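This report concerns only the one structure given below.
Quantities reported herein were computed from a predicted structural model and do not represent experimental measurements. Sequence lines set the chain letters: A, B, ... in the order given, protein chains first and strands last, and positions in each chain run from 1.
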Amino acid sequence: MSEGSGTTSDDRPQYRYDARLANEIETRWQDRWEAEHTFWAPNPVGPLTEGWERAAGKPKLYVLDMFPYPSGAGLHVGHPLGYIGTDVFARYWRMRGHNVLHAMGYDAFGLPAEQYAVQTGQHPRVTTEANVANMRRQLRALGLGHDPRRGVATTDVAYYRWTQWIFLQIFGTWYDDVADRARPIAELEAELEAGSREPLSEANPDGLPWSELEDRTRRAVVDSYRLAYLEEAAVNWCPALGTVLANEEVTVDGRSERGNHPVFRRPLKQWVLAITSYADRLLADLDLVDWPEPIKVMQRNWIGRSVGANVAFPVVGHDGVDIEVFTTRPDTLFGATYMVLAPEHPLVDEIVPPDWPDSFITDEVSDLPASWRGIFGTDVLPTEAVRKYREFAGAKSELERQSEGKVKTGVFTGAFAHNPLNGWPIPIFIADYVLMGYGTGAIMAVPAHDQRDFEFAREFDLSIRGVVRPSDAWLAERGADADDADAWPEAYVGEGAAMASENEGVSLDGLATADAKRVIGEYLDAEGIGAPTVTYKLRDWLFSRQRYWGEPFPIVYDDDGAPRAVPEALLPVELPELTDFEPRVLSEDDRETDPEPPLARVADWVEVELDLGDGPRRYRRETNTMPQWAGSCWYYLRYLDPTNDAALVDPEVERYWMGGGDGTGGVDLYVGGVEHAVLHLLYARFWHKLLFDLGHVSTPEPFARLFNQGYIQAPAFTDGRGVYVEAAEVVERDGGFFRGDEPVNREFGKMGKSLRNVVTPDDMYRDYGADTLRLYEMFMGPLDASRPWSTADVTGVHRFLQRLWRNVVDESTGSVQVDDAPADDETRRILHRTIAAVGSDMADLKFNTAIARLFELNNRLTQVVAERGAAPLEVVVPLVQMLAPLSPHVADELWSRLGNPETIAYEPFPEADPAFLAVDEVEVAVQVNGKVRAQVRVASGADDAAHEAAARADERVMAALAGKTVRKVIVVPGRIVNFVVG
RNA sequence: GCCCGGGUGGUGGAAUGGCAGACACGGCGGACUCAAAAUCCGCUGCUCGAAAGGGCGUGAGGGUUCGAGUCCCUCCCCGGGCACCA
């Protein structure tokens, strides 16, 4: 800053509200809040009861932010938007007499810290702790009213002990479909033992009764019921990184996002959680919660419930071997002209014949088309063609399969099945457009009425048989003939009257689709060839990661390789210390070698002697770790009772904070980004419901109300070469943007290093203070909308705080300039209108308009002060109180200077006096044919006739009505009078 | 392709079917000052007009209504989600 000639720059009044004073005030109040435990939220019982005598009897309010990951980069101004929003909300309700719980912890396991550790050799705990400390500092400087005692981190041993405990609950649980809830596995064992339940399981293929099963089989049967189970699941395997990757970590060309290495689909034995057991409840209970509708829609789509039927197709020449398919259109069964299995389908190997069939047994095709033998030449045998096709399909990642468009590939297996309705033999293909993970992994193909089947049929010259009559309009538009489906240009997927669908037992002909579905459903059921079925897109949750920096599983394996739970008393299973955090990496194309997670190298940790009730034995520990989602699934419960080492959470504490007085209960307000619309929110709901079934929590849903805050975007600037330049150095002038003399282009994007447009909270604290930053972020737009950051606009709210301060405090002496004299009536009316509006806006999270109202009130106060030289306390007191949730430091400072010894945080929020909300006269717009022609004043509460009379008395209205016939008069009292003239 | 959001002044944004543009930024003008900054006051959707006053205006087109930014239909653009789910 340059010194002006002959003047000093430091002639500002000492008590002007500027960045320097703001910083001084903020630091002082933050220290005081901390020292006085201002935001400690008392629990009803347990170690956190300090202050309960004040809180007892108040309504509770649990306000929650989504769990942040403590990034090494620190915060930019986009991050705290939601945290400020929840803090304002929490402070508002605290002033409204609620016992408010608001806390912030850290989701501190995860990949970035581990990768950093791999690169630097520094233990991830060290970097994680440093990042948490920096984030705590940045958030503390914002003045967030959190209870610091509850700020748990997922990496705390005392925390992940309970994450492991929850895993044991899941492992120790099965889903009782009849009771429609999870139950302890001991109850299952008791029922099996008593013979009241049959041991139905793949582990007991012959269906022997429990009493005849060996111990080992019994355990396998029980394991197959568990909600946490081991499965050979197809995963994205990246040998060069030595790990399995999430779909999001794989690029469209099937390579790893990090390092660009090949990624293969490959089955690996992994822990899987049976979230699909809860699919129906996760769907149905969305009706219980107050969430944004788009989020509910996303969850519904993700769960993807489909109603249809499973139908068995007998395989020709294999007695007793059926291929089971799932279809949502059993009414089109007569139109099934071929079948498709997923390449990985277990029946494929069983049905593939040694050679291609000599005589071809469908009536449409007599010779085997060359293309049916696959895309690898015509001289191969079926087994080879199938093998090659599987390899071809397996080399593609999930994303690659999707990105290739809709070109259908596949290969004939050489086998046939009978259409169970008419006995016709139909060829069986494998193709990767059928996914093993959905339905039964096999379909009946009805090319006339399914677009994918249609495309495949065209690719392979399969016949297309229409069994639903398309609408006339559909046929006319395409010039198609209803009876010649082979010539249709595309599949007819709509509904319509069934046709050509008849056998000796049943006829669907002429039935509407819904009726046809019902009739065929009954027939399939009666004939024992099919049954109504519900299928979900939702898959069970793959829960293993080959990482170091995550929660170890509380699982050991015995000599048989069967998993055994580590007893609760032996928790936590602590992460062993390591110096090398990387999984074993392999050559790029190694699809065979098993992954070796970092923990597998710690021999003296892996090998362990335990007594699991049958004497001390040696076991091997599970060496995978849990995904990052695990810790973030339940942190909101631990905030309630963070130090409890006897239970996850004390039941009485849980009931107090989560218990719903009305509705379903749960967290009263949960604020976070829409990016967690599905995974986190679905996983957390799943765990919560399981804990609910087992009686550990009292509500069926964790989050009663959800709110998605928007994102702060930021302008970024590129120079002539298209290179990003430092946004802070760009100025706007002459209708363009310049960096020095060079013109630059403006874009908008996420705030970040790569766009060189980061603005940090620290920058804002330095230039304006935290209260200004808070106020600006709340003022710039509705909380749920995304909007561009504009440092220039920060001035507006800063000036408001400065003016408000100046209205109360003498800038040169620091003494307050207020008086007890009553305010004038107009000021009072403005005051009470403001109180009413601000109160309801804050309750609705509409902080931007609440702040606008405060601006108006303060502008009025500025006039009053100018007129009489002092501010009426009658206005100042409620104004400062209304400001308190938004800019708490300056509010507390003013409150204190006004002579109040206690913090303003628990002062009652002002109440509007209805006497001042009422007005004697209102201004009413007068319209003629909907166009405003005049304003007239009418007594408040006047009737329609008085409105019309007042309007007609106005000379502009008279002029507008002159010579016209009034056909109708519409009066909306207090708002409008509309003359309809002819 | 399917499913959600959204499109309002130069900018961020207000507006239970009832006076479009609250509030703020920016801009223009004025007061104060030797001057500047800061502060305070006024004006500021576009357009015709000296003014009074008029016309036009919420992505485009249609509709419902006394009255539409708001409700309905068709379309365009932007953002997000899902995507061979049988």
**Asked** Between the side-chain atoms of A:Asp793 and the base atoms of B:C25, is any donor-acceptor pair under 3.5 Å?
**Response** no
**Message:** Expressed as a whole number of angstroms, how long is the span from A:Glu455:CD to B:C84:P?
**Reply:** 12 Å
**Base-pairing assignment for B:A83 (Watson-Crick or G-U wobble, both under 3.5 Å)** = none
**Length of the line joining A:Asn859:CG and B:C41:C1', which is rounded to integer Å** = 12 Å
**Asked** Is A:Arg20 reaching over with its side chain to a backbone N or O of A:Gln14, donor-acceptor style, under 3.5 angstrom?
**Response** yes
**Asked** Does any nucleotide pair with B:U74 by Watson-Crick or G-U wobble geometry, both distances under 3.5 Å, and what is it?
**Response** B:A60
**Request:** Tell me whether B:G12 sits syn or anti, counting syn as a glycosidic angle within 90° of 0.
**Result:** anti
**Request:** Measure from the ring center of A:Phe460 to the ring center of A:Tyr338 and say whether it is less than 6.0 Å.
**Result:** no
**Message:** Is a donor from one side chain sitting under 3.5 angstrom from an acceptor on the other, for A:Glu455 and A:Gln451?
**Reply:** yes
**Request:** Scan every strand shown for a Watson-Crick or G-U wobble partner of B:G18, both distances under 3.5 Å, and answer none if you come up empty.
**Result:** B:C66
**Asked** With a 3.5 Å cut-off and just heavy-atom distances, do the side chain of A:Gln935 and the base of B:C19 make a donor-acceptor pair?
**Response** yes
**Message:** If you compare every side-chain N and O of A:Arg975 against the phosphate oxygens of B:G17 (OP1, OP2), does one of them come in below 4.0 Å?
**Reply:** no
**Message:** Quick check on B:C23: is either OP1 or OP2 less than 4.0 Å from any side-chain nitrogen or oxygen of A:Arg860?
**Reply:** no
**Message:** Students often get this wrong, so: under 4.0 angstrom with heavy atoms, is A:Gln802 touching a base, only sugar-phosphate, or nothing?
**Reply:** sugar-phosphate
**Request:** Would you please confirm or rule out a distance under 4.0 Å between OP1 or OP2 of B:C4 and any side-chain N or O of A:Arg300?
**Result:** no
**Asked** Are OP1 or OP2 of B:G81 and a side-chain N or O of A:Gln299 less than 4.0 angstrom apart?
**Response** no
**Message:** So, OP1 or OP2 of B:A22: does either fall under 4.0 Å of a side-chain N or O from A:Lys846?
**Reply:** no
**Complete:** Among the nucleotides B:G67, B:A86, B:C3, whichever has the atom closest to the side chain of A:Tyr438 is B:A86
**Request:** Measure distances between side-chain N and O atoms of A:Lys537 and base N and O atoms of B:C82, and say whether any donor-acceptor pair falls under 3.5 Å.
**Result:** no
**Prompt:** NA contact type, A:Phe456, heavy-atom cut-off 4.0 Å: base, sugar-phosphate, or nothing?
**Reply:** nothing
**B:C19 phosphate, OP1 or OP2, under 4.0 Å from A:Arg933 side-chain N/O** = no
**Prompt:** Hey, does A:Arg853 reach any base, or is it just sugar-phosphate, or nothing, if we go heavy atoms under 4.0 Å?
**Reply:** base
**Prompt:** Do any N or O atoms from the side chain of A:Gln299 and from the backbone of A:Ala677 form a donor-acceptor pair under 3.5 angstrom?
**Reply:** yes
**Message:** Within the 4.0 Å heavy-atom criterion, would you say A:Ser790 contacts the bases, only the backbone, or no part of the nucleic acid?
**Reply:** nothing
**Request:** Supply the atom-to-atom distance A:Leu21 CG to A:Tyr15 OH, rounded to the nearest 0.5 angstrom.
**Result:** 9.0 Å
**Message:** Is there a side-chain contact between A:Thr795 and the phosphate of B:A24, meaning an N or O under 4.0 Å from OP1 or OP2?
**Reply:** no
**Prompt:** Quick check, are the ring centers of A:Tyr776 and A:Phe779 under 6.0 angstrom apart?
**Reply:** no
**A:Asn848 side-chain N/O to B:A14 phosphate OP1/OP2 under 4.0 Å** = yes
**Message:** Does A:Phe326 reach a base, just sugar-phosphate, or nothing at all? Heavy atoms under 4.0 Å.
**Reply:** base
